[in-house]
Amino acid sequence: MPVKVACPHCRHVRFLGDDTAGQAVTCAQCGRYYRAPRAPLQKRREISETPPSSAAQPWVGPVSLQVREVPATFAPTEPLPAQVVPLPDPPPRLAWADDGNEAAPSTESSPARPSAARTSRSSSPVAQPKPAFRWFAGGIFVVLVVAIFIGSATWFVFIRDHRPAAHQRDRRPMIGNGGRPFGGPRFQPMPPAGPQRQTVREAARKGEQVPVAPQQGEVIVTLKLVNGRVEHRGAITPNDANDPIAPGCRRKVFLIELEAKRRYTLELIDPGLVARRRLDEPVDLSRYDPFLRIEDSEGVILDENDDIERGFFLNSRIPNFIPPATGTYRIIASSFDVEQFGQFTLVITDEGRAIPIAPLPLPHRPLPQPVALREPLKPAKEVQNGVTITTMLHNEAPLAADLVWSADGAAFFVLDAAGTLRRINRTEQIVEARLELGVGEGLPPPLLRPLGGAPAKPEAPAKRTLAMCRLGLLVSQPALQEVWLIDPDTLRVVKRISAPGIRRILAVPALAHAFAASRQVVERKPPAAEIDVKRTVKDVVAVLDTAAGVPLHYFDVAPRLAALTPDGQFLFTESSDGKLVRYQVRQDVLVYDDESVPISMVDQGQGICVSPDSRYVCLSCKLGNKTSAFVPEAKIYTTYIFSVDNLRAPVVRIETGSAPRAFGFDPVSRSIFASNQDKQVLRFSMAGVLFQDASAAGAEGPAGQPQQFLTHPHGHAVMVRTERTIYQFEFAKDDDP
């Protein structure tokens with residue numbers, strides 16, 4: 001029975017007889033080959049049961065097939081006979097049945113036929129992918145998988161081989177001998193690698209509470225500071241108790257009493273551990289690697305440290321630890337990795353302790369004599385914006401030190417770079433006395449001596465400074481490493497005080513002791529294994545006994561800038577990271593009290609100003625304080641004013657404009673004085689509102705910029721010191737804010 005067939009390529013319709021079922025035929029329209037549909041299964045079985053003819057017939061190509069072409073709408077008639085030549089039998093193959101009832105594979109010797117899935121796809125006009133393309137795509141996929149695997153392995157090896165050598169542990173392989181390296185002890189599973197172990201250590205950190213009960217067989221040792229220092233030698237052994245937060249690490253526990261608001265340094269040192277100069281230097285990874293932790297009495301972790309210098313020096317150090325409260329604290333000496341044993345030295349140092357100063361001998365030298373006179377000044381007055389401006393003194397030599405009021409506020413003292421000290425009566429506008437200190441030529445260079453050691457490298461002398469203490473006027477002599485006590489009424493030198501390494505003198509009339517910002521050679525006893533350790537010159541604060549005329553001790557406080565409150569209760573300094581730091585003054589002892597957030601850039605601080613009533617303090621900077629510290633939207637050149645007893649938040653901010661330098665406070669008129677590049681004096685209210693400004697005639701440029709505001713004790717007047725000139729600005733009382 002003829003079957004209507006459409007060419008799968010061009011959709012040309014034709015009728016084919018039963019004898020062409022399963023045979024290759026040629027389309028009369030497009031000339032492409034395709035296979036005729038097979039006969040139904042039952043008919044195929046009948047055909048397969050008919051024995052083939054024994055007569056071999058020659059092969060006739062598809063072009064010899066005779067078919068009748070009709071249009072798609074043609075009504076079928078009796079088909080023309082077509083000559084069909086069967087294809088040669090292919091070799092036996094494993095074939096899957098096309099019909100639903102032939103789902104099992106079978107081996108048969110039958111012509112190749114497409115599967116049902118392929119037959120259904122072949123009827124679509126979309127061209128199917130070639131086998132070559134499939135092989136190409138498969139090859140690309142395999143190459144990508146192999147490349148990803150090789151890249152991951154290479155990266156893993158790179159990370160393993162390039163991690164810090166301090167944390168590369170000896171991973172001995174299990175080689176025969178019952179899991180023991182040849183000639184070695186039995187192998188035990190090693191802990192995670194160094195960096196992973198470190199992550200475990202640091203994940204438990206501050207704030208976590210650990211058990212405080214003694215572990216099995218644990219002995220707790222009590223330590224005590226003697227002269228601000230304690231040094232204990234011990235060892236981590238296999239018999240020590242385990243660390244609860246680091247299983248496998250042994251530990252020793254120490255108890256010590258620490259005082260609140262004091263700075264301590266804790267060190268755990270392996271005497272045989274050598275610091276490396278370079279990262280590529282070999283290091284003995286099997287040595288004991290110290291790990292130090294400090295907890296409170298309840299077991300809350302407060303701080304911990306692994307390496308003093310990561311990758312170079314593996315000893316442990318916790319610097320500048322400030323106890324939150326006075327009480328007993330737990331010091332844990334442990335190891336970084338499991339089953340590490342060795343000797344250690346635990347050192348605890350009170351950095352706020354007083355270190356004695358050895359006074360230098362005072363050689364005999366003739367002292368200058370004051371001159372009493374009543375030399376009148378030639379003041380020049382002008383009035384500007386309701387402010388009376390008086391030019392009190394214009395000096396040829398630069399003015400070297402801050403102005404200081406006399407006890408009654410009637411006179412002030414001024415010292416220039418040439419060494420001339422004057423007492424000037426403000427009311428009468430005359431020079432009452434003068435003392436020529438000299439420029440210091442021919443004097444011996446300043447020698448910075450350690451405690452009983454040899455002189456250090458000479459330093460360039462600093463400028464002379466002035467300060468008023470309870471016993472009189474103090475003048476620093478950095479070239480002589482001395483401080484002279486001078487009678488403020490007559491300017492006669494009363495006493496010479498040895499002050500090794502002095503840079504600046506700090507004193508207030510409320511105190512008999514004076515504080516000197518000095519430079520000392522600090523000899524820190526280094527660990528035996530530390531290399532290239534030299535004596536370092538550090539800026540410290542020394543305490544001078546003006547009554548006895550001797551230096552007492554110094555504190556390891558770095559006063560790049562420093563100022564005392566007039567009531568003598570606090571000392572303010574600027575730290576190296578730009579913080580305003582407050583210390584309590586307890587007679588001749590300094591105790592750390594509090595600090596602000598960083599408000600100054602490096603080398604930007606210009607001075608610390610405290611109000612005469614000891615209520616307010618500020619740190620002036622070239623570009624102003626860091627605006628992001630408290631008020632992100634604050635403008636540049638903004639200075640924060642703090643309450644003396646609260647450095648956590650400012651009470652007011654002063655927006656001065658470009659180049660602020662000096663600040664002053666007038667408690668009587670409740671005013672704040674400041675300056676900028678255009679105006680010498682800006683007068684603000686305590687709310688930070690600018691309501692008055694003035695500048696002296698001819699005071700332009702850097703020479704006219706104020707370097708100090710000295711407010712009169714009675715208020716409504718301020719002395720302004722520039723590079724060479726002293727001005728007096730007087731304000732009307734009815735102009736108060």
Side-chain angles (χ1 to χ4, degrees), residues 379-392 402-403 405 409 412 426 563 566 606-625 631 634-644 650-702 704-723 725-737:
K381 291 188 178 182
E382 61 176 310
V383 178
Q384 185 181 132
N385 296 335
V387 181
T388 303
I389 305 174
T390 305
T391 304
M392 300 289 294
D402 288 346
L403 307 179
W405 286 115
F412 62 92
R426 167 184 170 269
Q606 300 180 107
I608 297 176
C609 182
V610 183
S611 64
D613 58 356
S614 302
R615 294 183 60 185
Y616 303 103
V617 61
C618 68
L619 172 62
S620 65
C621 305
K622 295 179 181 179
L623 299 177
N625 297 153
V631 186
K635 301 178 182 178
I636 192 173
Y637 304 120
T638 297
T639 301
Y640 296 111
I641 309 298
F642 296 89
S643 176
V644 165
V651 295
V652 66
R653 67 177 188 265
I654 304 297
E655 297 180 356
T656 59
S658 60
R661 177 180 178 88
F663 284 81
F665 298 88
D666 185 358
V668 178
S669 64
R670 295 187 56 80
S671 304
I672 300 175
F673 300 108
S675 65
N676 59 22
Q677 193 171 1
D678 300 325
K679 295 293 183 179
Q680 276 190 310
V681 176
L682 302 174
R683 193 181 182 194
F684 294 84
S685 68
M686 292 306 298
V689 178
L690 175 64
F691 67 95
Q692 204 169 13
D693 61 75
S695 295
E700 293 84 11
Q705 292 296 313
Q707 299 182 5
Q708 179 195 5
F709 288 109
L710 180 65
T711 307
H712 193 271
H714 299 159
H716 300 95
V718 60
M719 309 299 296
V720 179
R721 177 177 64 88
T722 64
E723 183 179 355
T725 310
I726 299 176
Y727 302 95
Q728 177 180 258
F729 286 71
E730 295 179 279
F731 304 91
K733 295 183 179 180
D734 54 358
D735 290 340
D736 292 347

Sequence neighbours excluded, which residues qualify as salt bridge (charged side-chain N to carboxylate O under 4.0 Å, His left out) partners of Arg721?
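Scan of Arg721 (salt bridge (charged side-chain N to carboxylate O under 4.0 Å, His left out), adjacent residues dropped) gives Asp402.
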Could you tell me which residues satisfy salt bridge (charged side-chain N to carboxylate O under 4.0 Å, His left out) with Glu730, sequence neighbours excluded, listed by chain and number?
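With neighbours one apart ignored, the set is Arg426.
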Does the side chain of [Y] come within less than 4.5 Å of [X]'s, by heavy atoms?
X      : Y      : result
Asn625 : Thr638 : no
Met719 : Met392 : yes
Pro660 : Ser620 : no
Thr722 : Tyr727 : yes
Trp405 : Leu710 : yes
Ile608 : Cys618 : no

Sequence-distant partners of [X], side chain to side chain donor-acceptor pair (under 3.5 Å), two or more places apart:
X      : value
Thr725 : His394
Thr711 : none
Ser643 : Asp645
Asn385 : none

Let me confirm one number: the [atom1]-[atom2] distance from [X] to [Y], rounded to the nearest 0.5 Å.
X      : Y      : atom1 : atom2 : answer
Ser675 : Gln680 : OG    : CD    : 8.5 Å
Ile726 : Thr390 : CD1   : OG1   : 12.5 Å
His716 : Ser671 : NE2   : OG    : 7.5 Å
Phe709 : Leu403 : CZ    : CG    : 12.0 Å

How close do [X] and [Y] get, heavy atom to heavy atom, and via which atoms?
X      : Y      : result
Ile389 : Ala694 : CD1-CB, 4.2 Å
Ala662 : Pro706 : CB-O, 3.9 Å
Thr639 : Gly624 : OG1-CA, 4.5 Å

Partners of [X] by ring pair (Phe, Tyr, Trp, His ring centres under 6.0 Å), sequence neighbours excluded?
X      : result
Phe673 : Phe731
Tyr616 : none
Phe642 : Phe630

Just list the side-chain donor-acceptor pairs under 3.5 Å for residues 650-658, sequence neighbours left out, or say none.
residue	atom	partner	partner atom	Å
Thr656	OG1	Tyr637	O	3.3
Ser658	OG	Gln677	OE1	3.3

Main chain of [Y], side chain of [X]: is a donor-acceptor contact present, judged purely on distance under 3.5 Å?
X      : Y      : result
Gln705 : Arg661 : no
Gln728 : Val720 : no
Ser611 : Phe665 : no
His712 : Gly409 : yes

Considering residues at least two apart in sequence or located in another chain, which fulfil the side-chain contact (heavy atoms from CB on, under 4.5 Å) criterion with Ala380?
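side-chain contact (heavy atoms from CB on, under 4.5 Å) list for Ala380, sorted by chain: Thr391.
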Does anything in residues 663-692 form a salt bridge (charged side-chain N to carboxylate O under 4.0 Å, His left out)? List the pairs, not counting sequence neighbours.
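Non-adjacent pairs meeting salt bridge (charged side-chain N to carboxylate O under 4.0 Å, His left out): Lys679-Asp693, Arg683-Asp736.
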